[in-house]
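Below you'll find the structure, written out as structure tokens, and then a few comments.
Every chain is numbered from 1, with letters handed out A, B, ... down the list of sequences. FYI, side chains are in, hydrogens and waters are out, and symmetry mates aren't considered; it's all heavy atoms of this structure.
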Number of protein chains: 2
Amino acid sequence: MAPLPQRCVIREVGLRDGLQSIQTVLPTERKIEWIRAAHEAGQREIEVGSFVPARLLPQLADTAELVAYAKTLPDLFVSVLVPNLKGAERALEMQADLMLVPLSASEAHSLANLRKTPDEVVAEVARMRAARDASGAKTLIEGGIGTAFGCTLQGRVEPAEVLRRMQALLDAGADRVSLADTVGYANPAAVRALFEAAREIAGERLCCAHFHDTRGLALANVYAALQAGVTRFDATLGGIGGCPHAPGASGNASSEDLAFMLADMGIDTGIDIERLLALRARVAQWLEGETLHGTLWRAGLPKTFGAIAHHA
Amino acid sequence: MAPLPQRCVIREVGLRDGLQSIQTVLPTERKIEWIRAAHEAGQREIEVGSFVPARLLPQLADTAELVAYAKTLPDLFVSVLVPNLKGAERALEMQADLMLVPLSASEAHSLANLRKTPDEVVAEVARMRAARDASGAKTLIEGGIGTAFGCTLQGRVEPAEVLRRMQALLDAGADRVSLADTVGYANPAAVRALFEAAREIAGERLCCAHFHDTRGLALANVYAALQAGVTRFDATLGGIGGCPHAPGASGNASSEDLAFMLADMGIDTGIDIERLLALRARVAQWLEGETLHGTLWRAGLPKTFGAIAHHA
């Protein structure tokens, strides 16, 4: 058995992937409270929003303000999603630590969700890289490959196609790449196989796994990815989220359940789970009427849970 | 990576572990319908009930009738739970294929749940074995070690203690042993470590893993157990169940979600998942007002799901 890692990072994407797919528009001051409390609970990587046109996602129109706030918090690595060069320019201007550029391995999903072909996204990444290098900003570029395990529109997505896109993103200048099961089609065997193959191509530049819990497999998939050497996982508080263009997709991996699973296996995430559960309760109040997910908030921590959270 | 098995068995325990912990008393004809439909859906191992005094579990008072019915179905392996010699004598009389004798590795849980110490259970297994051998019946004896990963009453349960109990059960004449996370305290790393150690002691006689989804880890734990060589898993349709003496425990691994995960990984369970989902919908109607669990019934099968169920 390959040893499990000693440390992992849970990247909180609830403020982006979570909020973009629900009706409730959370006021900026609530989001700031969320970011502050997540940081206090030990979270050190947060995707605070998305630089998309406000008419498309009014929920995320305050992303610049959130980046500016988040950057005032010590040791917080601040990510934003950027769908195009214009978004990237805003991320560079705001000195975000990382910009995640989504690419859908499924052509059908790419056209529906991003209104671009995968090749066009790769070309855009090359322009972003040029802009980043010219700007002198330190913002990292992550190519995030979505629908990597299949797609509700197109069905099967070939692993070879995913790996080809990954290579193309790296060639175009992405600093990092990640794989996302956007619609909850992955299973642990597929996860392990694809991440192991991806790691052979990208090495340490394969930085993150993003799973949805649509069919209850998010945590099993995390365990499989851990065994393939992945040490960073996207998750959302209360498991909120899904993809509006992927019918049936509902619920990201829940940050608190994931933090519990990792800590209970002796893997340090730096997260104080009690604090994270308290934050979840507040966010659940703010989002009253929306569907939240996860199990730990109801069951509580086991009597045997003894992991001490170490803040990074 | 150790290769995953080609075939696995999902042992349906909804009629026992599920029904014993909910209020609704399902009429015998409904249970017979459930057993028949589960068999039609390809399930080949069913724990149909428990030979406990009817005053303790009136929900399961019709176990003898269910064993008699289930034994009429071709290729169905019929299990019952028996807490003591008296129950075992009924199982032998009814020619059940297997009787599962629960032993709690936690002393506190054992006294609360079984009103016996673990040592007393081991002694009872020796008497059951003598009775079985004297009767000429072919009924197998499985020692099922519960609270193997901890306990809500006692907290931590030492793996060495679990393994010692396992050896004692085998020495007393159990044909098989299994490990159960009765209260949902297991995590994948603990599962893999304990099952690997148990397999070194029991070899192929380590026959089954029983997980609860209290903290969302049931399927991740199954994936870990698969890697430790386990090929039989208890589960309940709709994830119903829990232990009345283990506060907070709720929900077994869901049969349909588990069947999906295994099939999607290319592991044959012989189960027709569409039929199983149809049965779940009927059972959900019968149990109106009770809490069912699982995710597949809501999300449906992925477009990419192409496994063909092979009936055993």
What distance do Arg215(A) atom CZ and Met261(B) atom CE have between them, rounded to the nearest 0.5 Å?
-> 14.5 Å
Once you round to the nearest 0.5 Å, how far does CG of Asp213(A) lie from CG of Leu219(B)?
-> 9.0 Å
At a heavy-atom separation under 4.5 Å, does Ala224(A) approach chain B through its side chain, its backbone, both, or neither?
-> both
Count the heavy-atom pairs under 4.5 Å between each of Leu296(A), Leu217(A), Asn221(A), Leu301(A) and chain B, then report the option with the highest count.
-> Leu217(A)
Begin with the C-alpha distance, continue with both residues' side-chain angles, and end with the deciding distance and a verdict on side chain to side chain contact (heavy atoms under 4.5 Å, CB included) for Arg192(B) and Tyr223(A).
-> CA-CA 11 Å; Arg192(B) 182 137 177 197; Tyr223(A) 181 59; 3.8 Å; yes
Measure from the side-chain N and O atoms of Asp264(A) to the backbone N and O of Asn187(B), and report whether any donor-acceptor pair falls under 3.5 Å.
-> no
Between Thr304(B) and Gly155(A), which heavy-atom pair has the shortest distance, and what is it?
-> CG2-C, 3.3 Å
Against chain B, label Ile267(A) side chain, backbone, both or neither, depending on which of its atoms sit under 4.5 Å from a heavy atom there.
-> neither
Which heavy-atom pair separates Lys303(A) from Cys151(B) by the least distance, and what is that distance?
-> CD-O, 4.2 Å
So what's closer than 4.5 Å to chain B heavy atoms on Phe260(A): side chain, backbone, both or neither?
-> side chain
Specify the closest pair of heavy atoms between Met265(B) and Pro188(A), including all atoms of both residues, with the distance to one decimal.
-> SD-CD, 3.7 Å
